[in-house]
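Below you'll find the structure, written out as structure tokens, and then a few comments.
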Amino acid sequence: FPVTIYIFDMKECDIVYIPDRDVRNPNIMKVIRKIIKLGKKVCLLPLDLPGKDLNEMVQNGVKNLKEIIDCNTIQGLEAEMKFLTWSKVK
């Protein structure tokens, strides 16, 4: 299972979930859907970046990852709407 989520009781923390961008993997899509339904923040990284996860993006020389993460972190209804279009891109 390519996504690991640890649940802690950390009410003071501002957690952002950053899943792999493998939109064809039903397990990843299921986890992202659950995170969104729980009202948590999720970062749906742009599909045009090189690499499927943050590690590969760093290896491929992607700059400004913090800014990219901040700009693509969403929750609630906005996350539901973006997830619908993001997950349909093949």
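Everything numeric here is computed off the predicted structure, so don't read it as measured data.
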### Message
Once side-chain hydrogen bond (donor to acceptor under 3.5 Å, both in side chains) is applied, do any residues pair with Lys82, and if so which ones, sequence neighbours excluded?
### Response
Asn72

### Message
Is there a path of hydrophobic side-chain contacts, each under 4.5 Å between heavy atoms, that joins Phe83 and Met81?
### Response
no

### Message
Tell me whether Val23 shares a hydrophobic cluster with Ile74, the cluster being built from Ile, Leu, Val, Met, Phe, Trp, Tyr side chains joined at under 4.5 Å.
### Response
yes

### Task
Not counting sequence neighbours, list each pair that qualifies as a salt bridge (charged side-chain N to carboxylate O under 4.0 Å, His left out) and has a residue in residues 64-73.
Lys66-Asp70

## Note on the structure
Rounded to the nearest 0.5 angstrom, the CG-CG distance for Asp20 and Leu45 is 9.5 Å

### Message
Suppose we screen for side-chain contact (heavy atoms from CB on, under 4.5 Å). Which residues come up paired with Lys41, at least two apart in sequence or across chains?
### Response
Asp14, Val16, Thr73, Gln75

Could you tabulate the donor-acceptor pairs under 3.5 Å formed by side-chain atoms of residues 55-65, not counting sequence neighbours?
{"from": "Glu56", "atom 1": "OE1", "to": "Lys52", "atom 2": "N", "distance (Å)": "3.0"}
{"from": "Asn60", "atom 1": "ND2", "to": "Pro50", "atom 2": "O", "distance (Å)": "3.4"}
{"from": "Asn60", "atom 1": "ND2", "to": "Glu56", "atom 2": "O", "distance (Å)": "3.0"}

### Nearest atoms (heavy-atom pairs only) where Ile18 meets Cys43
CG1-CB, 3.8 Å

### Query
Do Ile15 and Ile36 belong together in a cluster built from hydrophobic side chains that touch within less than 4.5 Å?
yes

### Query
Looking at Val42 and Ala79, what are the two nearest heavy atoms and their distance?
CG1-CB, 4.3 Å

#### Entry: With Lys40 via side-chain contact (heavy atoms from CB on, under 4.5 Å) - residues at least two apart
Tyr17, Ile35, Leu38

### Set of residues satisfying side-chain contact (heavy atoms from CB on, under 4.5 Å) with respect to Asp22, sequence neighbours excluded
Arg24, Asn25, Ile28

